[in-house]
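Please read all numbers here as calculations on a predicted model, not as lab measurements. Remember, it's 1-based here, ligands and their atoms both numbered in the order they're listed.
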Amino acid sequence: MKSFELHDAATVQEAVALLAKFGPSAKILAGGSDLVTGVMKDWVHGKGMPIPEKLIDVTTIPEMVGINIAANGNATIGAATTLTSIAESSELDKKWSVFTQSAASVASPLIRNFGTLGGNINQRPRCWFLRGEHFDCYKKGGDFCFAVTGDNRYHAIIGGELCYIVHPSDTASALLALNASATIAGPGGTRNVPFDNYFTGPREDVLRENVLKSDELLVNVSIPQLAPNTKTAWFKLKDRQVYDFALVSVAAVVTQENGVWKDGRIILGGVSPVPYRAKVVEQALAGKNIKDNIKAAAAAIRTVARPMSLNAYKVDIVIGLIERVVMSTIA
Ligand SMILES: Cc1cc2nc3c(=O)[nH]c(=O)nc-3n(C[C@H](O)[C@H](O)[C@H](O)COP(=O)(O)OP(=O)(O)OC[C@H]3O[C@@H](n4cnc5c(N)ncnc54)[C@H](O)[C@@H]3O)c2cc1C
Ligand code: SF4
């Protein structure tokens, strides 16, 4: 691994100033479980993915660590809060269990102890060609996607174009389902971005996965109160029982009255370059009895799925899991 300079920021303003001073050669460092142990390995780079030379630690910024429930019932979670703190928060779990469960399903206890929310949301994709030495693919600034002709069993089945990664973050899906938003800091101050608009696909810019500019960082995440008669649910299917990324995950937030769908969000992980909102399923359930219509509604995912040569199996899994997760919110 190449050596790097480490800068401990004491405030958000200091971190932003360091990013602006060093430019694209600098990266935000949180737990380091992806950045230092994965992305900074000497072989994971290309002309569009240079190895960072300076790391700016944000776990040293007190305002970025911790969980706060405001008097209005909304929650704010600092981006440098560990995944263990989130998974073990009874206050969060009481209202937003889809979020605590998604955090608890990330990696292993050891990684959750130092891995942070901001790092989980902003981690780079896991495509094995991207992380392999000999593949100078689009995402590294090359001119080919090796997943198109290679082993694509874990790649995208929806919304892949140019690049077929699946977004790796478990907490991102839960946050989208909860209609949460991000506070982003940059040289011009802070801005608030709903997670609906936070993640970007390959067509927008194949070299990145979200709206953060090189001189910006994620400061915290806000989750609004749930509407009355709303329940949440989470399920993550993995290839193996020990820690692993999602083959497919479903995060659901459902508002119902006497079993009829009033409102809700169904977000799929492991299937698309961004956490994918299954609007076709939501629309098929709108105003209808959930139990009577869930089978046909879940199957509507076939109308948007475009599987690759080796991953059509994921379509059937998604349909089965949507049904199971949505039904668990009315049980
Ligand atoms: C063995 C293993 C298994 C894993 N399994 C899973 C899994 O099942 N599910 C899952 O979701 N993830 C999984 N991960 C990924 C893991 O969750 C992330 O690596 C971890 O959550 C990242 O947190 P971190 O604080 O260590 O991030 P870091 O490694 O420090 O940072 C990750 C990226 O986010 C950026 N970043 C960090 N904080 C901020 C911020 N505040 N603002 C802007 N950018 C920021 C960094 O610049 C970097 O690019 C796994 C990782 C490993 C190593
Ligand atoms: S899916 Fe994306 S990251 Fe993977 S090889 Fe293709 S372009 Fe590269």
Inset, instruction - Let me know which of Asn122, Val65, Thr82, Ile86 forms a side chain to side chain contact (heavy atoms under 4.5 Å, CB included) with Leu117. - result: Ile86

Legend entry - Gap between atom CD1 of Ile157 and atom NZ of Lys314 - 0.5 Å precision: 6.5 Å

Legend entry - Polar proximity ligand 1 side, Asp34 side, N/O cut 3.5 Å exclusive: yes

Inset, instruction - Starting from atom 14 (N) of ligand 1, locate the nearest protein heavy atom and write down its residue, its atom name and how far away it is, to 0.1 Å. - result: Phe245 CZ, 3.2 Å

Legend entry - Under 4.0 Å to a heavy atom of Tyr243 - the qualifying atoms of ligand 1, by number: 1 (C), 3 (C)

Inset, instruction - Would you please classify the geometry between the His167 ring and the Phe199 ring as parallel, tilted or perpendicular, with 30° and 60° separating the classes? - result: perpendicular

Inset, instruction - Starting from atom 26 (O) of ligand 1, find the nearest protein heavy-atom neighbour and note its residue, name and distance. - result: Ser33 OG, 2.6 Å

Inset, instruction - Examine the proximity of ligand 1 to Pro168 and report which part, side chain or backbone, both or neither, has a heavy atom under 4.0 Å away. - result: backbone

Legend entry - atom 2 (Fe) of ligand 2: protein N, O or S atoms that are less than 2.8 Å away, sorted by chain: Cys163 SG

Legend entry - Polar proximity ligand 1 side, Leu212 side, N/O cut 3.5 Å exclusive: no

Inset, instruction - Could you tell me the residue and atom name of the protein heavy atom closest to atom 39 (C) of ligand 1, and the distance to it rounded to 0.1 Å? - result: Ile28 CG2, 3.6 Å

Inset, instruction - Using a strict 4.0 Å cut-off to heavy atoms of Leu217, name the atoms of ligand 1 that fall inside it. - result: 42 (N), 43 (C)

Inset, instruction - Output yes when the distance from some N or O of ligand 1 to some N or O of Lys236 is under 3.5 Å, and no in every other case. - result: yes

Inset, instruction - Please say whether Thr116 places an N or O atom under 3.5 Å from an N or O atom belonging to ligand 1. - result: yes

Inset, instruction - Would you please indicate if the ring centroids of Trp128 and Tyr154 are separated by under 6.0 Å? - result: yes

Please set out all donor-acceptor pairs under 3.5 angstrom arising from side-chain atoms of residues 174-181, sequence neighbours excluded.
{"residue": "Asn179", "atom": "OD1", "partner": "Arg265", "partner atom": "NH2", "Å": "3.2"}
{"residue": "Ser181", "atom": "OG", "partner": "Asn192", "partner atom": "OD1", "Å": "3.4"}

Inset, instruction - Heavy-atom contacts with Ala30 under 4.0 Å: which atoms of ligand 1 show up? List them by number with element. - result: 25 (O), 30 (O), 37 (C), 38 (N)

Inset, instruction - Among all protein heavy atoms, pick the one closest to atom 2 (C) of ligand 1 and tell me residue, atom and distance. - result: Ile111 CD1, 3.4 Å

Legend entry - Protein heavy atom at shortest distance from atom 33 (C) of ligand 1: Asn122 O, 3.6 Å

Legend entry - atom 32 (C) of ligand 1 [closest protein heavy-atom partner, distance rounded to 0.1 Å]: Gly119 O, 3.7 Å

Legend entry - Nitrogen or oxygen of Ala107 less than 3.5 angstrom from that of ligand 1: yes

Inset, instruction - Verify side-chain hydrogen bond (donor to acceptor under 3.5 Å, both in side chains) between Thr76 and Asn68, making sure each step is shown before the conclusion. - result: CA-CA 5 Å; Thr76 304; Asn68 178 50; 5.1 Å; no

Inset, instruction - Dump the intermediate steps for side chain to side chain contact (heavy atoms under 4.5 Å, CB included) on Arg124 and Lys139, then the final yes or no. - result: CA-CA 10 Å; Arg124 301 308 307 273; Lys139 208 170 248 313; 4.3 Å; yes

Legend entry - Atom indices of ligand 1 within 4.0 angstrom of Leu83 heavy atoms, with elements: 21 (O)

Inset, instruction - For atom 9 (N) of ligand 1, grab the closest protein heavy atom and report residue, atom and distance to one decimal in Å. - result: Asp170 OD2, 2.8 Å

Legend entry - Of the listed options Met40, Met64, Arg126, Gln123, closest to atom 51 (C) of ligand 1 (non-hydrogen atoms): Arg126

Legend entry - Ser102/Asp170 under side-chain hydrogen bond (donor to acceptor under 3.5 Å, both in side chains): CA gap, chis, key distance, verdict: CA-CA 6 Å; Ser102 71; Asp170 289 328; over 6 Å; no

Inset, instruction - Applying side chain to side chain contact (heavy atoms under 4.5 Å, CB included), run through Met49 and Val44 and close with a yes or a no. - result: CA-CA 8 Å; Met49 197 173 172; Val44 188; 3.9 Å; yes

Legend entry - Verdict with reasoning, Glu209 to Ile165, per side chain to side chain contact (heavy atoms under 4.5 Å, CB included): CA-CA 10 Å; Glu209 293 84 43; Ile165 56 152; 4.2 Å; yes

Inset, instruction - May I ask you to decide whether Asp34 forms a salt bridge with Arg126, counting only side-chain N to carboxylate O separations under 4.0 Å? - result: yes

Inset, instruction - Check each atom of ligand 1 against the heavy atoms of Asp244 and keep those under 4.0 Å away; list them by number with element. - result: 7 (C), 8 (O)

Legend entry - Leu35-ligand 1 polar pair, N/O distance under 3.5 Å: yes

Legend entry - Flag for Ser169-Asn120: side-chain donor and acceptor within less than 3.5 Å: yes

Inset, instruction - Looking only at protein heavy atoms, identify the closest one to atom 42 (N) of ligand 1 and say how far it is in Å. - result: Leu218 N, 2.9 Å

Legend entry - Option set Ser108, Ser102, Ala79, Gly31, criterion heavy-atom distance to atom 25 (O) of ligand 1, minimum: Gly31

Inset, instruction - Please step through side chain to side chain contact (heavy atoms under 4.5 Å, CB included) for the pair Asn293 and Trp261, ending with a clear verdict. - result: CA-CA 10 Å; Asn293 292 282; Trp261 176 282; over 6 Å; no

Legend entry - Asp215/Lys21 salt bridge by N-O under 4.0 Å criterion: no

Which atom pairs, one a donor and one an acceptor, fall under 3.5 Å between side chains of residues 246-260 and the rest of the protein, sequence neighbours left out?
{"residue": "Ser249", "atom": "OG", "partner": "Gly269", "partner atom": "N", "Å": "3.3"}
{"residue": "Thr255", "atom": "OG1", "partner": "Thr230", "partner atom": "OG1", "Å": "2.7"}
{"residue": "Gln256", "atom": "OE1", "partner": "Gly259", "partner atom": "N", "Å": "2.7"}

Inset, instruction - Report yes if Ser169 has an N/O atom closer than 3.5 Å to an N/O atom of ligand 1; otherwise report no. - result: no

Inset, instruction - Mind telling me whether Phe195 and Tyr198 have parallel, tilted or perpendicular rings, with 30° and 60° as the class edges? - result: tilted

Inset, instruction - Report the residues that fulfil salt bridge (charged side-chain N to carboxylate O under 4.0 Å, His left out) with Asp292, sequence neighbours left out, ordered by chain and then residue number. - result: none

